[in-house]
There are 2 protein chains.
Amino acid sequence: MNDRRTVFKTLRDLSIRLTPQRILILDILRKGNTHMGVEEVYSKARTTFPYIDIATVYRTLNLMKKIDVVTEVAIGERLHFELTHPGRKHNHMVCTCCGKAFNLPPEYLERFGEQIHRDFSFEPDVRNFTIKGKCSLCAEKSEKSDSTYECLSP
Amino acid sequence: MNDRRTVFKTLRDLSIRLTPQRILILDILRKGNTHMGVEEVYSKARTTFPYIDIATVYRTLNLMKKIDVVTEVAIGERLHFELTHPGRKHNHMVCTCCGKAFNLPPEYLERFGEQIHRDFSFEPDVRNFTIKGKCSLCAEKSEKSDSTYECLSP
DNA sequence: TATCTTTTTGCAACTAATTGCATATACTAA
DNA sequence: TTAGTATATGCAATTAGTTGCAAAAAGATA
């Protein structure tokens, strides 16, 4: 689980201080219930904490990412974050055309990572891996020259 | 091959203009013979073309990446590029501790990409994928608490 | 509770990379 | 070879994200 209590304990165990800013940011992600853009987190945070700085938001999110409390998702060159749910870990596939993100079960990258480790003794960190590509709908549209096809990166 | 002539033909076929700046940047990458940082390309370019702008360097490299003439390698948050050699394609594994880049035979990510495509109809673009992680030397050092162990991202 | 130490914050300055725009130039066709 | 047009360049401004630093605050200890 990733409820408040568990996360607080994780932070305390690592001597990471529980500041109101950090608690707020984590609560926002928890409520959001899916990946959120940094700007979105920032503006939501300011409604309850007007003097919070964007630097604090970035620092908090990067810190939480390092200790695996949040997961980063790169959507169209902009960073997004979501709470890491230990039992429901997954990676993301992001369509470079429509920008949509799809969940990828963790086994795919785990297996890949194990191969790399076995063959090269290189230890990949696949936790925050985001796979870029084209989703099935956009691929289909572009093949059929569907008039509703529009690509963010043409 | 990726000699001047072949690349020029590729560009002409795509109606991409052969400007002295573009030719120079590609020649620098060809001479470099491995991945180079943008700043390195820029400063080398300026010795023969003093008025070239860094924006032109970025624009050229991104354009060449899009048409697969160069490959991007993300080394420690800074972008590096190298000429794509059609017969010797590979991905990169970059150590987040020592910053070194290692070549990865293309089969690994190709296989991974095929699985994704088969199971989700998502078409990943793995050409410019860079795998972050810890190389065997750094992993060994950190386990043994070797005094020469230093990590760029501790 | 009061005091102390260490971490964190807000602010401002900075960095790598991108973009808008007017001018310059590569290519096309006559 | 020249004129015409679409594209590319240089410059300046902008953006997303990071960092240094003094002041503020969290947590430990007495």
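Every chain is numbered from 1, with letters handed out A, B, ... down the list of sequences.
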Short N-O contact, [X] and [Y], less than 4.0 angstrom:
X: B/E123; Y: A/K134; answer: no
X: B/K66; Y: B/D125; answer: no
X: B/R5; Y: B/D3; answer: no
X: B/E77; Y: B/K132; answer: yes

inquiry  = If hydrophobic clusters are built by linking Ile, Leu, Val, Met, Phe, Trp and Tyr wherever their side-chain heavy atoms come under 4.5 Å apart, do A/V73 and A/F102 end up in the same one?
reply    = no
From [X] [atom1] over to [Y] [atom2], what is the distance, rounded to the nearest 0.5 angstrom?
X: A/I28; Y: A/S43; atom1: CD1; atom2: OG; value: 8.0 Å
X: B/T48; Y: B/I52; atom1: OG1; atom2: CD1; value: 8.0 Å
X: B/K89; Y: B/E110; atom1: NZ; atom2: CD; value: 8.5 Å

query = Taking atom types as modelled, is there a side-chain donor on A/E39 or A/H80 under 3.5 Å from an acceptor on the other?
reply =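 Side-chain D/A pair, A/E39 to A/H80: absent.
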key: Under 4.0 angstrom between A/T56 side-chain N/O and C/dT9 OP1 or OP2   = no
task = On DNA chain D, reading 5' to 3', which nucleotide is the first and which the last to sit with an atom under 4.0 Å from a heavy atom of chain B, could you check?
result =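 Span of nucleotides near chain B: D/dA6 to D/dC11.
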task = Only counting residues at least two apart or in another chain, list the ones meeting salt bridge (charged side-chain N to carboxylate O under 4.0 Å, His left out) with A/R30.
result =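 Applying salt bridge (charged side-chain N to carboxylate O under 4.0 Å, His left out) to A/R30 gives A/D27.
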Please produce a list of atom pairs where a protein N or O lies less than 3.5 Å from an N or O of nucleotides 20-22 of chain C.
from: C/dG20; atom 1: O6; to: B/R59; atom 2: NH1; distance (Å): 3.3

key: Aromatic ring pairing B/H35/B/H92, orientation class (parallel under 30°, perpendicular over 60°, tilted between)   =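 Correct class here is perpendicular.
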query = Heavy atoms, side chains only, cut-off 4.5 Å: are B/L11 and B/L26 in contact?
reply =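 Yes - at least one pair of side-chain heavy atoms lies under 4.5 Å apart.
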Expected rows: protein N/O vs nucleotides 14-17 of chain C N/O, under 3.5 Å:
from: C/dA16; atom 1: OP1; to: B/R78; atom 2: NH1; distance (Å): 2.9
from: C/dA16; atom 1: OP1; to: B/R78; atom 2: NH2; distance (Å): 3.3
from: C/dA17; atom 1: OP1; to: B/L79; atom 2: N; distance (Å): 3.0
from: C/dA17; atom 1: OP2; to: B/Y58; atom 2: OH; distance (Å): 2.2
from: C/dA17; atom 1: O5'; to: B/Y58; atom 2: OH; distance (Å): 3.0

ask   = So what does A/F49 touch, heavy atoms closer than 4.0 Å: a base, only the sugar-phosphate, or nothing?
value =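 Sugar-phosphate, no base atom in range.
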ask   = Quick check, are the ring centers of A/F120 and B/Y108 under 6.0 angstrom apart?
value =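 Ring centres of B/Y108 and A/F120 closer than 6.0 Å.
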task = Using five base pairs at each end, measure the axis-to-axis angle across the helix from C/dT1-D/dA30 to C/dA30-D/dT1 and round it to 10 degrees.
result = 30°
remark   = B/S/- along nucleotides 25-30 of chain C (protein heavy atoms under 4.0 Å) is -BS---
